[in-house]
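Have a look at the structure below before the remarks.
Throughout, protein chains are lettered first and strands after them, A, B, ... in sequence-line order, and every chain is numbered starting at 1. Because only heavy atoms are used, hydrogens play no part in the values below, and waters and symmetry mates are left out as well, while side chains stay in.
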There are 2 protein chains.
Amino acid sequence: MNYKKQLEEYFKEVDIRCVLGLSIDCVIFGFYDNQLKVLLLRWKQTEEWGLPGGFIYKNESVDVAAQRILEERTGIKELFLQQFHTFGEDVRYNRQEISQKLSWPDTSSRQWPDRTVSIGYFALVDFSKVTPTADFLTDECRWWDVEKLPSLLFDHNHIVAVALRTLRVQLSWQPVGYNLLPEKFTMPELQRLYETILNRPLDPRNFSKKMRALGIIERLEEQRKGGAFKSPYLFRFNKEKYEKALQEGNLAFS
Amino acid sequence: MNYKKQLEEYFKEVDIRCVLGLSIDCVIFGFYDNQLKVLLLRWKQTEEWGLPGGFIYKNESVDVAAQRILEERTGIKELFLQQFHTFGEDVRYNRQEISQKLSWPDTSSRQWPDRTVSIGYFALVDFSKVTPTADFLTDECRWWDVEKLPSLLFDHNHIVAVALRTLRVQLSWQPVGYNLLPEKFTMPELQRLYETILNRPLDPRNFSKKMRALGIIERLEEQRKGGAFKSPYLFRFNKEKYEKALQEGNLAFS
DNA sequence: TAGTGTATATGTAAGGAATACATAAAGCTT
DNA sequence: AAGCTTTATGTATTCCTTACATATACACTA
């Protein structure tokens, strides 16, 4: 089986070039159709889905490795990427089960230790800018509704849950949500995003007031046409003002 | 040199029993004399100070390892302990310099990789309950004022800085500060603690109002006598109410 | 072109929280 | 008894949060 050979090669390479016993897992959030999405990969010749992840080169910073892995496995570059938790439970998942599901080659000869500690990163990306592309380990790469994830490989369901919790907390602290929208967006779009992440409805009048009061978005003259209704104004996120407000610490949203 | 032998033994043991390339560093905060303190260890036969740290057994959860290390190296048990960041820069510190400073034996024969990734935990402890005790690697264990730390080994100054930043943010989210005080405390003591952590003065009338409004402390009839002034009332933290308020999410402090 | 359906844009009043600010009281010392 | 020190406490103002309803613009259809 060709793929199995490839896997063997890959593991051999990893054992030589990478830090042993450590991995990185990335939870990539996107927003589309009023749904918060997560990018998942389907492993070759299986129906098994998991998070994009990978390993750290011996002389590579972990942050840089996270960026690289993301790019290698999904083609996504330059985004909001943040470490959120390190998963170090002694038994994170059933190793045998995983080995079986993914038809991994016999790993008894590997130097890899019994237990892998994984550093979790989450990314926020503009859905429209991503072309999900599978890599050499996987057959398929696509967005999944975060509320309707399948049962994932490893402890990836747990990792997604922790990432989501972190995202919710962060959203109240600083408007990280902007990273999930295209450059220009309407107020209702922004509101849907917040509603989706926080998982509760918000009042449009109050929401608009609060968002504009933060002083980090600007309304453009432009409007978005196309719907059978009043055209909404477009807004743009102002990064300079954001940085300034961030330093002054007045960006809380409740 | 006896100590050097001991070190060699220790490293050998670590290589066998522990996860390679990973370590844990603990930033232990205490509060005394209106100062935020950090517990540091002085390495044997040196004037070099560093954070208590250690390694993870191969089949041990990282959280459990952090607790164990804390207890082994400082005698502290049962406390507020939380993972806050994983430090994975490719060059965290000058290894040669450290080796020299600590007179470490030649490590070229070790299996240990070139780079160590460290998982940072911070702990909040009741100052009065801790008896700093040095362990077999160190000559001295004592509290240092967080504002007046010496230059520490490894990247420990950086780790403390990140821990402190995390503590400040957390304090606005949930009243973690209580872990730093003895069971019974006065309102002014609590205020000093907050002032110290947040590094700014607070108004006593507003502070008292806000704290009592959170509904998670109760005033006792008891008062603390002893000063040449009006006796302050004692308060007690109510853990049940705290848990309840935590779930309902109304514990923000700004 | 008039009518219909749909999502958008917007203001005001009320309640609650945060801030600013100053003085009287209690305990110990001398 | 006077003096020093630290604690305890209330009110007015401002700001933020919440609750709540209607007119408007656009597209589509008849």
Side-chain angles (χ1 to χ4, degrees), chain A residues 31-35 171-175 181-182 184-196 198 200-236 245 248-254, chain B residues 33-34 171-175 181-182 184-196 198-236 245 248-254:
Chain A
F31 184 67
Y32 182 70
D33 191 25
N34 291 342
Q35 304 282 2
L171 195 69
S172 319
W173 264 106
Q174 35 172 294
L181 290 174
K184 295 174 183 179
F185 51 86
T186 69
M187 192 57 76
E189 282 166 356
L190 184 59
Q191 188 182 334
R192 302 292 160 263
L193 172 62
Y194 270 71
E195 288 178 330
T196 304
L198 297 175
R200 62 181 161 102
L202 300 168
D203 180 273
R205 286 160 290 190
N206 297 335
F207 181 81
S208 172
K209 237 183 300 171
K210 218 187 312 193
M211 277 300 152
R212 300 175 73 163
L214 287 179
I216 57 172
I217 57 174
E218 46 197 30
R219 194 171 91 168
L220 309 172
E221 281 315 310
E222 235 174 315
Q223 290 173 283
R224 170 163 300 162
K225 301 269 175 173
F229 44 77
K230 192 168 178 179
S231 297
Y233 283 98
L234 287 170
F235 287 79
R236 183 166 47 195
E248 288 160 12
N250 38 10
L251 281 178
F253 176 91
S254 60
Chain B
D33 191 24
N34 291 341
L171 196 68
S172 320
W173 265 106
Q174 35 171 293
L181 290 174
K184 295 175 183 178
F185 50 87
T186 69
M187 191 57 76
E189 280 166 357
L190 185 60
Q191 188 181 333
R192 302 293 160 263
L193 171 62
Y194 270 71
E195 288 177 331
T196 304
L198 296 175
N199 202 26
R200 63 183 159 101
L202 301 168
D203 180 272
R205 287 158 292 191
N206 297 334
F207 182 81
S208 173
K209 238 182 301 173
K210 218 188 313 193
M211 276 301 150
R212 298 175 73 162
L214 287 178
I216 56 172
I217 55 174
E218 46 197 29
R219 194 171 91 170
L220 309 172
E221 280 317 308
E222 238 174 314
Q223 289 174 285
R224 169 163 299 162
K225 303 268 175 175
F229 45 78
K230 192 169 177 178
S231 297
Y233 282 98
L234 286 170
F235 288 79
R236 183 167 46 195
E248 288 161 11
N250 37 9
L251 281 179
F253 177 91
S254 60

Could you pull out all residues at least two apart from [X] that satisfy side chain to side chain contact (heavy atoms under 4.5 Å, CB included)?
X	value
B:Glu195	B:Gln191, B:Arg192, B:Pro201, B:Leu202
B:Thr186	B:Pro188, B:Glu189, B:Arg224, B:Pro232, B:Leu234
A:Lys230	none
B:Lys209	B:Asn206

Would you please name every residue forming a side-chain hydrogen bond (donor to acceptor under 3.5 Å, both in side chains) with A:Asp203, sequence neighbours left out?
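A:Asp203: side-chain hydrogen bond (donor to acceptor under 3.5 Å, both in side chains) contacts with A:Arg205.
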Could you state the CZ-P distance from B:Phe207 to D:dA8, rounded to the nearest angstrom?
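Distance, rounded to whole Å: 12 Å.
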Measure the distance from CD on A:Gln223 to C1' on D:dA27 and round it to the nearest whole Å.
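It is 15 Å, rounded to the nearest whole Å.
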Between which nucleotides of DNA chain C, read 5' to 3', does contact with chain A run, using atoms under 4.0 Å from its heavy atoms?
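The contact span of chain A on DNA chain C goes from C:dG5 to C:dT12.
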At 10 degrees resolution, what angle do the end axes of the helix from C:dT1-D:dA30 to C:dT30-D:dA1 form when each is taken over five base pairs?
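The end axes of the helix from C:dT1-D:dA30 to C:dT30-D:dA1 are about 0° apart, to the nearest 10°.
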Classify every nucleotide of nucleotides 13-18 of chain D by which part a protein heavy atom approaches to under 4.0 Å, writing B for the base, S for the sugar-phosphate alone and - for neither, in 5'-to-3' order.
----SB
For B:Tyr194, which residues count as a ring pair (Phe, Tyr, Trp, His ring centres under 6.0 Å) partner, sequence neighbours excluded?
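Once residues adjacent in sequence are excluded, the partners of B:Tyr194 under the ring pair (Phe, Tyr, Trp, His ring centres under 6.0 Å) criterion are B:Phe207, B:Phe253.
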Holding to ring pair (Phe, Tyr, Trp, His ring centres under 6.0 Å), I want the full list of residues that pass it with A:Tyr233, two or more places apart in sequence or in another chain.
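Checked A:Tyr233 against ring pair (Phe, Tyr, Trp, His ring centres under 6.0 Å); zero matches.
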Which part of the nucleic acid does A:Arg212 contact within heavy-atom distance under 4.0 Å: base, sugar-phosphate only, or nothing?
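Sugar-phosphate contact only - A:Arg212 comes under 4.0 Å of backbone atoms but never of a base.
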Less than 4.0 angstrom between a side-chain N/O of A:Arg224 and OP1 or OP2 of D:dA27, yes or no?
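For D:dA27, neither OP1 nor OP2 has a side-chain N or O of A:Arg224 closer than 4.0 Å.
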Please report, to 0.1 Å, the donor-acceptor pairs under 3.5 Å made by any side chain of residues 213-222 of chain B, with sequence neighbours excluded.
from     : atom 1 : to       : atom 2 : distance (Å)
B:Glu218 : OE1    : B:Asn238 : ND2    : 3.1
B:Glu218 : OE2    : B:Arg236 : NE     : 3.4
B:Glu218 : OE2    : B:Arg236 : NH2    : 3.4
B:Glu222 : OE1    : B:Lys184 : NZ     : 3.0

Can you list, in residue-number order, the parts of residues 225-235 of chain B that come under 4.0 Å of DNA chain C, counting heavy atoms only?
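Going residue by residue through residues 225-235 of chain B, the ones with a heavy atom under 4.0 Å of DNA chain C turn out to be B:Lys225, B:Gly226, B:Gly227, B:Ala228, B:Phe229, B:Lys230, B:Ser231.
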